[in-house]
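We use all heavy atoms of the structure for the numbers below, so side chains are in, but hydrogens, waters and symmetry mates are not. Counting starts at 1 for both ligands and their atoms, in listed order.
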Amino acid sequence: MSTFYFGQYLIRQSEIFFKSELSVALVNLKPVLPGHVLVCPKRVVPRFCDLTGEEVKDLWLSAQKISTVIEKHYKGDGLTFAIQDGKNAGQTVAHVHIHIIPRRPKDFENNDEIYSAIEKERPARTLEEMKLEADELRPLFPKYD
Ligand code: AMP
């Protein structure tokens, strides 16, 4: 897998920190909280219903592995998993992806504010910031090729 498209965006290998047979995880351009990452199928398909059973299985097993590591690494105490499936559900990148967000006590005054935060415009990080984070996360996944 030399190039990877997240929707219409060409993603650099330096932004990717996890790969399985059918899924890829990347650091986020505009994280809502530290450790907010994305896992998506390798195949560029917009909607959850477009996935095959094998892809669903691989995607969620990947999300389980990634979230366990991410929660510990960012010293979280809980996780938010979210899929915005379709434009009317707030999806802005037309490629199925699970948001994985480590949670900490009082990271938002009201827990569910995380959902409006996902919707809000946020500053983009630099490529260097994203690379540094992916470099830090990659060794935590021993089977990364
Ligand atoms: P959604 O609005 O649910 O489709 O989520 C899109 C997510 O993709 C947001 O968390 C964005 O910050 C993130 N995002 C958008 N473009 C990129 C990119 N080029 N690289 C990494 N993350 C991105």
Side-chain angles (χ1 to χ4, degrees), residues 1-52 55-104 106-141 144-145:
M1 203 187 62
S2 52
T3 56
F4 176 71
Y5 275 92
F6 174 46
Q8 72 269 41
Y9 303 110
L10 177 63
I11 300 299
R12 292 159 189 77
Q13 291 297 321
S14 61
E15 296 163 53
I16 295 175
F17 64 90
F18 172 96
K19 287 176 194 168
S20 64
E21 190 191 342
L22 301 174
S23 309
V24 169
L26 57 146
V27 296
N28 202 318
L29 180 65
K30 300 173 182 177
V32 165
L33 286 173
H36 177 187
V37 298
L38 305 169
V39 57
C40 46
K42 286 182 179 169
R43 207 162 58 93
V44 181
V45 287
R47 298 291 309 274
F48 191 67
C49 66
D50 297 324
L51 299 177
T52 65
E55 284 171 324
V56 171
K57 186 176 162 191
D58 188 286
L59 185 66
W60 280 106
L61 284 175
S62 298
Q64 187 185 44
K65 277 184 204 152
I66 294 162
S67 61
T68 305
V69 169
I70 289 279
E71 181 177 1
K72 197 170 158 209
H73 188 71
Y74 288 92
K75 301 184 173 43
D77 187 15
L79 288 160
T80 294
F81 296 86
I83 301 183
Q84 308 210 91
D85 189 30
K87 221 173 180 176
N88 292 318
Q91 185 177 20
T92 55
V93 178
H95 184 164
V96 181
H97 51 283
I98 305 176
H99 295 256
I100 300 176
I101 311 172
R103 301 298 305 271
R104 302 179 76 162
K106 297 285 162 211
D107 49 13
F108 286 98
E109 201 168 307
N110 299 305
N111 252 314
D112 290 358
E113 283 171 31
I114 188 95
Y115 299 107
S116 41
I118 289 174
E119 293 287 297
K120 276 197 196 115
E121 196 39 56
R122 299 174 298 279
R125 296 197 293 173
T126 63
L127 292 178
E128 187 55 25
E129 283 174 298
M130 292 167 80
K131 178 185 182 300
L132 282 175
E133 188 183 26
D135 286 348
E136 189 178 297
L137 296 178
R138 216 172 286 117
L140 306 177
F141 299 93
Y144 190 89
D145 50 17

> Should we say atom CD of Glu113 is surrounded by more than 12 heavy atoms from elsewhere, each under 6.0 Å from it?
yes
> With a heavy-atom distance limit of 4.0 Å, tell me whether Leu38 approaches ligand 1 through its side chain, its backbone, both, or neither.
side chain
> What residue and atom, counting heavy atoms only, is the protein's closest point to atom 16 (N) of ligand 1, and at what distance?
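Going atom by atom, the protein heavy atom closest to atom 16 (N) of ligand 1 ends up being Tyr9 CE1, 3.7 Å.
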> When you check the side-chain N and O atoms of Glu136 and His73, is any donor under 3.5 Å from an acceptor?
yes
> Looking only at protein heavy atoms, which one is nearest to atom 10 (O) of ligand 1, and how far off is it?
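Nearest neighbour among protein heavy atoms for atom 10 (O) of ligand 1, to 0.1 Å: Asn28 ND2, 2.9 Å.
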> Under 3.5 Å between any N/O of Val93 and any N/O of ligand 1: does that happen in this structure?
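Between Val93 and ligand 1, an N or O pair is found under 3.5 Å apart.
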> For Lys131 and Gln13, which I'm curious about, is there any donor-acceptor pair between the side chains at under 3.5 Å?
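No, no side-chain donor-acceptor contact under 3.5 Å.
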> Does a side chain donor of either Asn28 or Arg125 reach within less than 3.5 Å of an acceptor in the other side chain?
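Distance-only check fails for Asn28 and Arg125.
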> Would you please determine whether Glu119 falls within less than 4.0 Å of ligand 1 on a heavy-atom basis?
no
> Would you say Glu129 and Thr126 are linked by a side-chain donor-acceptor pair, where the criterion is simply a distance under 3.5 Å?
yes
> Any idea which atoms of ligand 1 are less than 4.0 Å away from a heavy-atom of Phe6?
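Answer, ordered by atom number: 8 (O), 14 (N), 23 (C).
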> For atom 3 (O) of ligand 1, what is the closest protein heavy atom, and at what distance to 0.1 Å?
His99 NE2, 2.8 Å
> Identify, by atom number and element, the atoms of ligand 1 in contact range of Val27, meaning under 4.0 Å from any of its heavy atoms.
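Once the distances to Val27 are compared, the set is 21 (C).
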> Below 4.0 angstrom from a heavy atom of Gln84, which ligand 1 atoms are there? Numbered from 1 as shown, please.
1 (P), 2 (O), 3 (O)
> With a cut-off of 4.0 Å, which atoms of ligand 1 are near a heavy atom of Gln91?
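Counting atoms of ligand 1 from 1, those under 4.0 Å from Gln91 are 4 (O).
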> Between Lys30 and Glu121, does any side-chain N to carboxylate O distance fall below 4.0 Å?
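The answer is yes: the pair qualifies as a salt bridge.
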> How does His97 reach ligand 1, by side chain, by backbone, by both or by neither, if only non-hydrogen atoms under 4.0 Å count?
side chain
> Is the distance between the ring centroids of His97 and Phe6 under 6.0 Å?
yes
> Please work out whether the ring planes of His36 and His99 are parallel, tilted or perpendicular, with thresholds of 30° and 60°.
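Tilted, since the angle between the ring planes falls between 30° and 60°.
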> Looking only at protein heavy atoms, which one is nearest to atom 4 (O) of ligand 1, and what is the separation?
Thr92 N, 2.7 Å
> Return the closest protein heavy atom for atom 23 (C) of ligand 1 as residue, atom name and distance.
Leu29 CB, 3.6 Å
> Please list, chain by chain and in numerical order, all residues satisfying ring pair (Phe, Tyr, Trp, His ring centres under 6.0 Å) with Tyr74, sequence neighbours excluded.
none
> Pick one of side chain, backbone, both or neither for how Ile118 approaches ligand 1, counting any non-hydrogen atom pair under 4.0 Å.
neither
> Checking side chain to side chain contact (heavy atoms under 4.5 Å, CB included) against Phe81, which of Ile98, Ile101, Val39 comes through?
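With Phe81 as partner, side chain to side chain contact (heavy atoms under 4.5 Å, CB included) holds for just one option, Ile98.
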> Please report which non-hydrogen protein atom sits nearest to atom 20 (N) of ligand 1, along with the residue it belongs to and the distance in Å to one decimal place.
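So the nearest neighbour among protein heavy atoms is Ile11 CD1, 3.7 Å.
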> Below 4.0 Å, non-hydrogen atoms only: which portion of Ile83 touches ligand 1? Side chain, backbone, both or neither.
neither
> If the cut-off is 4.0 Å to any non-hydrogen atom of Gly90, which atoms of ligand 1 fall inside it?
2 (O)
> On the 0 to 90° scale, with breaks at 30° and 60°, tag the Phe141-Phe17 ring pair as parallel, tilted or perpendicular.
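Phe141 and Phe17: tilted rings.
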